[in-house]
**Student:** 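I have a structure I would like to understand better, so I am pasting it below and will then ask my questions one at a time.
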There are 2 protein chains.
Amino acid sequence: MKLPVSTEWLLHCTATLAQLEPGASASAAQLALYYDVPAAYLAKQLQELVKAGVLTATTGPRGGFRLARPASEITLLRIVEAVDGTSAPYECREIRQQGRGALAPEECRSICVLAEKMAEAHEAWRSSLAGVSLADVIATLPATAPARTRSRLASTRPS
Amino acid sequence: MKLPVSTEWLLHCTATLAQLEPGASASAAQLALYYDVPAAYLAKQLQELVKAGVLTATTGPRGGFRLARPASEITLLRIVEAVDGTSAPYECREIRQQGRGALAPEECRSICVLAEKMAEAHEAWRSSLAGVSLADVIATLPATAPARTRSRLASTRPS
DNA sequence: GATAATGTACTCGGATATGTTGTGTCCGAGTTGTTCTGG
DNA sequence: CCAGAACAACTCGGACACAACATATCCGAGTACATTATC
């Protein structure tokens with residue numbers, strides 16, 4: 001069970017975008033320089049966030065990505081699931097109905113206990129992440145952080 | 001973020017072993033037939049559980065695997081982590097200290113907020129699984145289940 | 001008949017191929033801001 | 001000086017290789033039981 005490395009990139013990138021002035025945007029190249037990560041791959045992942053409705057993208061000069069919603073409405077869960085997918089890590093394939101020990105179908109009307117417990121654990125994980133928004137994350141930073149972030153990010157803009 | 005398919009196999013296999021009489025054991029080949037899964041691969045994974053101290057193995061005829069501890073002391077977390085490893089799915093690589101936006105080391109004395117929240121979510125997941133033991137799982141089964149499991153499992157023994 | 005040696009069948013354990021998914025890269029379509037030319 | 005058109009640079013978006021891990025398989029080392037021969 002391992003999350004893609006790009007998960008960290010996108011969590012930080014969205015947190016960075018949340019510190020921009022309303023209406024401002026940053027390009028994939030800018031963010032890649034800001035964190036020293038592969039630009040093309042980062043762009044590919046940012047597109048996933050666009051599809052998930054977390055970000056919006058504008059093409060052309062001065063374009064880039066920005067938050068599609070207020071930071072307070074974007075949870076860490078939305079971001080993580082946009083990158084990694086919404087499927088649960090444990091997938092019940094009903095092996096209790098296979099092989100010599102196969103149970104009768106009528107005995108399997110209720111969900112397998114093991115699958116249920118694994119699903120509960122996954123839900124606990126989801127709830128934990130759903131309880132934290134980007135606004136919460138920004139709130140923990142020093143008051144001077146957003147201004148510095150904007151300044152340093154602007155220095156990565158070409159020309 | 002995806003758990004190996006063998007996770008389901010081993011959860012069911014350990015639950016099956018928990019239904020055996022004290023001292024009895026089942027071989028990898030038996031369990032493979034019982035659930036209709038690849039025997040060699042299942043054996044490989046069962047070895048991981050032995051290394052993790054969840055099971056003990058005895059070689060030779062009438063040998064096989066059995067629980068190394070009482071079922072009440074074996075949590076689902078132990079089993080899952082024995083199969084998949086104990087490392088957290090989110091690995092913080094401190095990208096906040098890289099690139100143009102790199103923070104000063106003295107600003108990074110405390111853990112990154114994002115890494116902290118991801119770790120909390122993982123801990124919620126672990127706690128959920130740590131709260132369920134094999135004994136709890138067995139307790140939810142009908143009272144007639146263990147006897148039937150033993151009977152069907154015995155039918156997979158060779159000769 | 002009891003005992004000891006022998007053989008056999010079964011068991012785990014580790015070393016070895018293959019497929020799928022994450023990782024990384026590249027190039028093309030589209031849009032915006034700029035520049036140049038003509039009125 | 002102003003307006004319009006052409007240009008150029010920057011942007012996203014999707015299509016194309018590479019690598020690592022899960023999956024699947026095989027064969028060898030070791031052990032306990034059953035058998036057999038001997039005393």
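Letters A, B, ... mirror the listed sequences (proteins, then strands); counts begin at 1.
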**Student:** Under 3.5 Å, is there a donor on one side chain and an acceptor on the other for A/Q19 and A/T149?
**Tutor:**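 Looking only at side-chain atoms, A/T149 and A/Q19 do form a donor-acceptor pair, the distance falling under 3.5 Å.
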**Student:** Using atom CG of B/L46 as one end and atom P of D/dT23 as the other, report the distance to the nearest whole Å.
**Tutor:**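 Rounding to the nearest Å, CG of B/L46 and P of D/dT23 are 14 Å apart.
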**Student:** When the distance from CD of A/E48 to P of D/dA15 is rounded to whole Å, what number comes out?
**Tutor:**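 Roughly 13 Å, once rounded to whole Å.
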**Student:** Which residues, ordered by chain and number, are linked to B/L141 in its hydrophobic cluster, where ILVMFWY side chains connect at heavy-atom gaps below 4.5 Å, directly or through other members?
**Tutor:**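 Its cluster partners, ordered by chain and number, are B/I138.
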**Student:** Could you tell me the separation between the NZ atom of A/K51 and the P atom of D/dG13, rounded to a whole number of Å?
**Tutor:**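 The distance from NZ of A/K51 to P of D/dG13 comes to 9 Å, rounded to the nearest Å.
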**Student:** Return the set of residues passing salt bridge (Lys or Arg N to Asp or Glu O under 4.0 Å) with A/K117 (not counting sequence neighbours), or none when no residue passes.
**Tutor:**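 Expected list: A/E120.
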**Student:** Rounded to the nearest Å, what distance is computed from the CG atom of residue B/D36 to the P atom of nucleotide D/dA24?
**Tutor:**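 It is 12 Å, rounded to the nearest whole Å.
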**Student:** Sugar-phosphate means primed atoms, P, OP1 and OP2; the rest is base. With that split, encode nucleotides 22-28 of chain C 5' to 3' as B, S or - using protein heavy atoms under 4.0 Å.
**Tutor:** -BBBB--
**Student:** Can you tabulate the close N/O pairs, meaning under 3.5 Å, that link protein atoms to atoms of nucleotides 29-33 of chain D?
**Tutor:**
| residue | atom | partner | partner atom | Å |
| --- | --- | --- | --- | --- |
| D/dT31 | O4' | B/T59 | OG1 | 3.2 |

**Student:** Filter on salt bridge (charged side-chain N to carboxylate O under 4.0 Å, His left out), then keep only pairs touching residues 100-116 of chain A, sequence neighbours left out; what's left?
**Tutor:**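 Checked against salt bridge (charged side-chain N to carboxylate O under 4.0 Å, His left out) - neighbours excluded - the pairs reaching residues 100-116 of chain A are A/E107-B/R148.
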**Student:** Tell me the interatomic distance from B/E8, atom CD, to D/dT23, atom C1', rounded to whole angstroms.
**Tutor:**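 So the CD-C1' distance, B/E8 to D/dT23, works out to 15 Å.
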**Student:** Can you find a side-chain donor-acceptor pair between B/Q45 and B/E48 that sits under 3.5 Å?
**Tutor:**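 No, because no side-chain N or O of B/Q45 sits under 3.5 Å from a partner of the opposite role on B/E48.
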**Student:** With a 4.0 Å cut-off on heavy atoms, is A/A29 in touch with a base, just the backbone sugar-phosphate, or nothing at all?
**Tutor:**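 A/A29: no heavy atom of the nucleic acid under 4.0 Å.
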**Student:** Give the rounded distance in Å between these two atoms: CG of A/L55 and C1' of D/dG13.
**Tutor:**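 Checked: the CG to C1' distance equals 15 Å.
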**Student:** Identify whether the distance between the nearest side-chain nitrogen and carboxylate oxygen of A/R93 and B/E8 falls below 4.0 Å.
**Tutor:**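 Looking at A/R93 and B/E8, the cut-off is not met.
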**Student:** Rounded to the nearest 0.5 Å, how far does OG1 of A/T75 lie from CZ of A/R126?
**Tutor:**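 It is 9.0 Å, given to the nearest 0.5 Å.
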**Student:** Using the salt bridge (Lys or Arg N to Asp or Glu O under 4.0 Å) criterion, which residues pair with A/R62? Sequence neighbours excluded.
**Tutor:**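 Salt bridge (Lys or Arg N to Asp or Glu O under 4.0 Å) list for A/R62, sorted by chain: empty.
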**Student:** Can you tell me the distance, in whole Å, between the CZ atom of A/R93 and the C1' atom of D/dA22?
**Tutor:**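 Those two atoms, CZ and C1', are 12 Å apart.
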**Student:** Measure from CG on B/L33 to P on C/dC10 and round the result to the nearest Å.
**Tutor:**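 About 13 Å, once rounded to whole Å.
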**Student:** Look at the side chain of A/R152 and the backbone N and O of B/A102, then say whether any donor-acceptor pair between them is shorter than 3.5 Å.
**Tutor:**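 Yes; judged by distance alone, with no hydrogens or angles, the pair exists.
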